[in-house]
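Taking it in order: structure first as structure tokens, then the write-up.
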Amino acid sequence: MAKEFVVTPWEVKGDIDYDRLIKQFGVKPLDEVILKRLEKLAGKLHYFLKRKIFFAHMYFDSILDDVEKKKKFYLYTGRAPSGPVHLGHLIPWIFCKWLQENLDVPLLFQIPDEEKFFFKEGLTLEDTKKWAYENILDIVAVGFDPKKTKIFLDTEYAGHMYKYACLAAKKTTLSTAKALFGFTDSNNLGELFYTTMQSVPAFLPTVIEGKTTQCLIPCAIDQDVHFRLTRDIAPKIGYSKPATILCRFLPSLAEGGKMSTSIENTAIFTNDKPEQVKNKILRYAFSGGRDTVEDHRKKGGMPDVDVSYQYLTYYLEDDKKLKQIYEDYKSGKMLTGELKELTIEVINKFLKEHRKKKDKAKDHIEKFMLRD
Ligand code: TRP
């Protein structure tokens, strides 16, 4: 029997079958043909693509058409602030930076500080704004070009956005919103309206450039439903349909599901101290190893279900090293403890660099901000 899983913008759980998700969401796999085209244009491929971490898309081919014609396009992504940034959040941002660098493309970064205020209990708009500015340090630390990157909080840029949100809102009926998002009579009006705000940045490239300009949205696949709606609305109000390029979720430390801020000890945050990272991985990272060393040596480990190994596929760039680890673990030559030590080392090295850049970001965020 097929395993149960849930993927919506508000909930991700279970053992996700990504091939089924492609069909369910009506998106396309990122196949060899499209990757070859990108490789030719960018001069190389990011390892997220080679490892199928980014695995699906909608209209990415149309973006590549524009790149081939030397036509300008924009990137757009976002982050709803409600807590600290963890290793999963960084994946689309790292990928955006790569695209920005290699295809020379501007980026719009939305911080919808109203989103989690509408959807979560006990968070004030002051709380979300505080998290917004904390999270922006993580975003800037990724290394975006300040000349080509604009970051905005919805509550600070709403004057600009409201007109386009109204255009989108008028084209969205209650029955569409209910069908797409599963809203019921007990959802508040903010939750209903919010999706129009998430659509707006997809129209802004055309507004800014004064002519039809495409937009590519790199994000995790749970956000796809918002942009399915945006694609439905866009042509009705004179904008081009946004393209998406979609990634998998970084797994939670525990078996199954994605890394999540709301479940304790399933996430590694960028602010975690090296000791904390070590303890979390040693204590909680689900292991694909066997019960005894003897058994492990004989039967070998199971890298495909091992969370530490999965983290290495996201955070260890060296293909050769990764392959060696895979083989050594699978053959039983490498033990779980050794795999975990390696993972701790890789993650802590990454985080050390990230925190250095985050410290420096404090003096630079104003170069990035857009406000009314
Ligand atoms: N809804 C996203 C979140 O929960 C935030 C977001 C806004 C976003 N616009 C986006 C994410 C565009 C990806 C792409 O964090």
Side-chain angles (χ1 to χ4, degrees), residues 1-31 48-49 51-60 76-83 85-96 110 112 115-116 118-120 172 176-184 187 191-192 194-195 197-199 202 216-232 241-263 266-268 286 304-305 307 310-311 313-314:
M1 209 184 87
K3 285 188 201 136
E4 289 305 312
F5 61 87
V6 178
V7 177
T8 74
W10 351 111
E11 188 184 23
V12 176
K13 70 170 191 215
D15 192 1
I16 300 155
D17 179 339
Y18 286 100
D19 291 329
R20 244 171 78 201
L21 212 48
I22 284 181
K23 293 202 190 88
Q24 220 171 303
F25 284 4
V27 295
K28 303 222 160 74
L30 267 180
D31 58 26
F48 290 171
L49 294 162
R51 296 180 193 168
K52 307 260 175 242
I53 288 169
F54 276 82
F55 73 107
H57 78 101
M58 206 57 191
Y59 301 122
F60 185 49
Y76 155 40
T77 196
R79 153 84 183 147
S82 66
V85 165
H86 63 55
L87 289 178
H89 298 132
L90 293 176
I91 300 300
W93 310 349
I94 293 169
F95 188 59
C96 278
Q110 179 180 37
E115 180 179 355
K116 295 289 160 70
F118 288 142
F119 283 93
K120 278 192 174 185
T172 311
T176 300
K178 279 181 166 172
L180 278 175
F181 296 100
F183 291 137
T184 66
N187 281 98
E191 288 172 304
L192 264 86
Y194 169 70
T195 189
M197 289 299 278
Q198 188 158 328
S199 282
L216 170 67
I217 309 169
C219 61
I221 192 161
D222 62 317
Q223 298 298 311
D224 180 75
V225 56
H226 284 293
F227 303 120
R228 224 177 297 153
L229 180 59
T230 314
R231 281 193 286 268
D232 184 45
K241 297 181 179 190
T244 47
I245 185 161
L246 304 164
C247 69
R248 296 167 193 261
F249 306 106
L250 182 71
S252 128
L253 280 164
E255 188 192 12
K258 67 159 186 165
M259 192 171 271
S260 161
T261 312
S262 37
I263 313 167
T266 66
I268 295 171
F286 182 79
D304 298 312
V305 300
V307 168
Q310 298 309 311
Y311 289 2
T313 65
Y314 285 77

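Source: prediction; values computed, not measured.
Residues Pro112 and Tyr194 have side chains in contact (heavy-atom distance under 4.5 Å, counting atoms from C-beta outward). The closest side-chain heavy-atom distance from Phe227 to Val27 is not below 4.5 Å. For the pair Tyr314 and Pro251, the minimum side-chain heavy-atom distance is below 4.5 Å. Taking the side chain as every heavy atom from C-beta outward, Phe286 and Gln310 never approach each other to under 4.5 Å. Counting heavy atoms from C-beta on, the side chains of Val225 and Thr8 never come closer than 4.5 Å. Using a 4.5 Å cut-off on side-chain heavy atoms (C-beta onward), His226 and Ser199 make no contact.
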Gln24 and Val7: side chain to side chain contact (heavy atoms under 4.5 Å, CB included), yes or no, with the steps?
CA-CA 10 Å; Gln24 220 171 303; Val7 177; over 6 Å; no
Could you walk me through whether Phe25 and Leu246 satisfy the side chain to side chain contact (heavy atoms under 4.5 Å, CB included) test, starting with their C-alpha distance in whole Å, then the side-chain angles of each, then the deciding distance to 0.1 Å, before giving a yes or no?
CA-CA 11 Å; Phe25 284 4; Leu246 304 164; over 6 Å; no
Derivation of the side chain to side chain contact (heavy atoms under 4.5 Å, CB included) call for Arg248 and Ile91
CA-CA 9 Å; Arg248 296 167 193 261; Ile91 300 300; over 6 Å; no
Can you check side chain to side chain contact (heavy atoms under 4.5 Å, CB included) on Phe249 and Ile221, steps first, answer last?
CA-CA 8 Å; Phe249 306 106; Ile221 192 161; 3.9 Å; yes
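The heavy-atom pair separating Pro242 from Arg231 by the smallest distance is O-NH1, 3.2 Å. In plain terms, the two heavy atoms of Ala220 and Pro92 that are nearest each other are N-CG, 4.3 Å. Nearest heavy atom pair, residue Phe60 against residue Leu30, reads CD2-CD2, 4.0 Å. Between Leu87 and Met259, the closest heavy-atom pair is N-SD, 3.9 Å.
Taken to the nearest 0.5 Å, the CD1 atom of Ile53 stands 4.5 Å off from the OG1 atom of Thr313. Between Leu250 atom CG and His86 atom NE2 the span is 7.5 Å, to the nearest 0.5 Å. One distance of note links CH2 of Trp10 with CG of Asp222; it measures 9.5 Å at 0.5 Å rounding. Between the OG1 atom of Thr195 and the CG atom of Leu229 there is a distance of 5.0 Å, given to the nearest 0.5 Å. Remark: Ile217 CD1 to Tyr59 OH distance equals 12.5 Å, nearest 0.5 Å. Of the inter-residue distances, the one linking Phe119 atom CZ with Ser82 atom OG reads 12.5 Å to the nearest 0.5 angstrom.
Few gaps surround NZ on Lys120; more than 12 heavy atoms of other groups in view lie less than 6.0 Å from it. Atom NZ of Lys52 has more than 12 neighbouring heavy atoms from other residues, nucleotides or ligands inside a 6.0 Å radius.
Relative ring orientation between Phe183 and Phe181 is described as parallel, the plane-to-plane angle staying below 30° on a 0-90° scale split at 30° and 60°. Taking the six-membered ring where tryptophan is involved, the planes of Phe48 and Phe54 are essentially parallel, since the angle between them stays under 30° and well short of 60°.
For the pair Gln110 (side chain) and Thr77 (backbone), a donor-acceptor distance under 3.5 Å is absent. With hydrogens and angles ignored, the 3.5 Å screen pairs no side-chain donor or acceptor of Thr266 with any backbone N or O of Ser252.
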